[in-house]
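Excluded from the calculations below are hydrogen atoms, water molecules and symmetry mates; all remaining heavy atoms, backbone and side chain alike, are included. Numbering of ligands and ligand atoms starts at 1, following listing order.
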Amino acid sequence: MENMKTEWMGLYPEELKQALSDMGEKPFRAGQIFSWLHKGARFEEMTNLPLSLRQRLSEAGIDQPVTVLETRVSKIDGTEKFLFSLPDNNCVEGVLMRYHYGATLCVSTQVGCKMGCRFCASTLDGCVRNLTAAEMLGQVQCANQALNGERVHNIVLMGSGEPMDNYDQVVRFLRLVSHPEGLNVGLRHISVSTCGLVPQMKKFAEEGLPVTLSLSLHAPNDQIRRQLMPIAQRYTIREPLDACRYYIEKTGRRVVLEYALIDHVNASPDCARELAGILRGMQCHVNLIPLNTVKERNLFGVTEEQVRAFLSELEKCHISATRRREMGDDIEGACGQLRKKYLREDPT
Ligand code: SAH
């Protein structure tokens, strides 16, 4: 990373204390600095700190790592899509959805992604780098600013990137974003989605973080999953499902299985029955998403009738399932689509 300055917001309060005492400053300032930073304040706004301290903080590090480069608002449902700019001028996307149960922000965890799923726009140019915890927090703060009084209530780590491939910073983000003196977003209101990195999923089950784990399954068997997701060459479909069972056992929380319906690939009633078979007895919920067609790939979404037929097949087999609402269809709401467009338009 070009920017070698400390991102103060990425430190836990005790680390901030330590950093202050290493600088010869008073450690009790850590609490004040922590709550300022997590409110989204800039150094110059931290008016209860001595000017000299603010200057030293600013020389050694940065306050807010993320700014909004571009915003698009959906005329259909008010969904907002942000293009966020990072200190090294990379950019990532975030999507803010207005649900009746509160504002939900989709946060990115990496610039790009290296998992190579065939249907996903985020992975087309590979992974540039991991995001830091501070950069994930910054996305939430930018969304809070756009909300004008209301605040982000739910977070889904479903923007670009594979959270389990950036494990340490994602765990740090989860602990910081839920900190009572910080943004204070309840862990129970956070979903972490993975394409199925099995060892990390198991480790994650032991972190004591009561978030919702989502597995991007997208297939009822290995043969179809391997056509869609390179990760399925490394782990058979059983393995991430077993890791989900372990997660359920450890946390007592039901997992969510994401299933993007793709015409002529995984959307037949036979696939639904096969899916029900592999999920039998598991405490889970299936989220069906009609594939958001990505021009660069030859994979297409399905009709409403196909979604309904698939859903009713699952229901017949007593599998809990819903169709996920598509938001922001008119603003390239799906993963990586806006960033791709931006990179095409502006080749700097
Ligand atoms: N890497 C993580 C999280 C990011 S993707 C994961 O794989 O889960 C968030 C979700 O969007 C995943 O379920 C992913 O499979 C899905 N997705 C990606 N491209 C899509 C598309 N074109 N249409 C519908 N869902 C898509």
Side-chain angles (χ1 to χ4, degrees), residues 81 92-95 97 104-127 130-131 136 139 155-167 169-170 173-174 190-198 200-201 204 211-219 224-225 227-232 234-235 237 240-241 243-244 247 255-263 265-267 284-302 306-307 310 322-329 332-341:
K81 180 129 191 177
V92 292
E93 291 166 54
V95 184
M97 294 155 285
T104 299
L105 181 69
C106 178
V107 168
S108 290
T109 58
Q110 295 178 317
V111 182
C113 182
K114 65 169 180 250
M115 304 318 293
C117 299
R118 301 233 348 119
F119 46 79
C120 184
S122 299
T123 197
L124 291 169
D125 300 318
C127 179
N130 283 335
L131 294 195
M136 296 177 227
Q139 296 173 56
I155 293 172
V156 295
L157 295 190
M158 291 193 184
S160 66
E162 166 50 48
M164 293 290 138
D165 187 41
N166 184 13
Y167 188 93
Q169 290 300 312
V170 164
F173 163 72
L174 293 173
I190 302 179
S191 288
V192 178
S193 183
T194 177
C195 66
L197 299 185
V198 173
Q200 290 92 324
M201 288 169 77
F204 194 61
V211 300
T212 299
L213 182 65
S214 281
L215 171 64
S216 296
L217 192 61
H218 303 319
I224 296 178
R225 200 160 194 264
Q227 287 171 32
L228 297 171
M229 305 171 74
I231 192 71
R234 197 169 346 148
Y235 304 108
I237 199 164
L241 286 173
C244 284
Y247 191 85
V255 299
V256 172
L257 302 167
E258 305 287 337
Y259 197 105
L261 290 164
I262 311 172
D263 203 18
V265 177
N266 65 0
C284 66
H285 180 82
V286 177
N287 223 339
L288 296 175
I289 322 146
L291 185 86
N292 223 320
T293 302
V294 177
K295 284 184 215 118
E296 289 86 347
R297 302 282 197 207
N298 228 2
L299 298 167
F300 300 94
V302 294
Q306 283 171 290
V307 181
F310 199 92
T322 41
R323 174 208 196 291
R324 187 163 81 187
R325 261 167 71 201
E326 285 144 295
M327 307 284 276
D329 237 5
E332 315 212 43
C335 306
Q337 290 186 348
L338 180 59
R339 175 166 171 268
K340 276 299 292 179
K341 192 154 185 296

Aromatic plane relationship, F204 with Y247 - under 30° parallel, 30 to 60° tilted, over 60° perpendicular: parallel
Partners meeting side-chain contact (heavy atoms from CB on, under 4.5 Å) with C127 (sequence neighbours left out): Q110, K114
Ligand 1 contacted by G161 (non-hydrogen, < 4.0 Å): yes
side-chain contact (heavy atoms from CB on, under 4.5 Å) involving T212 - partner list, sequence neighbours excluded: S191, R253, V256
S108-S160 side chain donor-acceptor pair, cut-off 3.5 Å: yes
Heavy-atom closest contact (P290 atom, V307 atom, distance): CG-CG2, 4.1 Å
Numbered atoms of ligand 1 (with element) below 4.0 Å of C195, judged on heavy atoms: 6 (C), 7 (O), 8 (O)
E162, M229, H218: member with heavy atom nearest to atom 1 (N) of ligand 1: E162
Proximal ligand 1 atoms for N292, defined as those under 4.0 Å from one of its heavy atoms: 21 (C), 22 (N), 23 (N), 24 (C)
Sub-4.0 Å heavy-atom contact, G159 with ligand 1: yes
Under 3.5 Å donor-acceptor, T123 side chain and C113 backbone: yes
Atom indices of ligand 1 within 4.0 angstrom of C120 heavy atoms, with elements: 18 (C), 19 (N)
Residue E258 vicinity, atoms of ligand 1 by number, heavy atom under 4.0 Å: 13 (O)
Mode of T293 contact toward ligand 1 - side chain, backbone, both, neither (heavy atoms, under 4.0 Å): neither
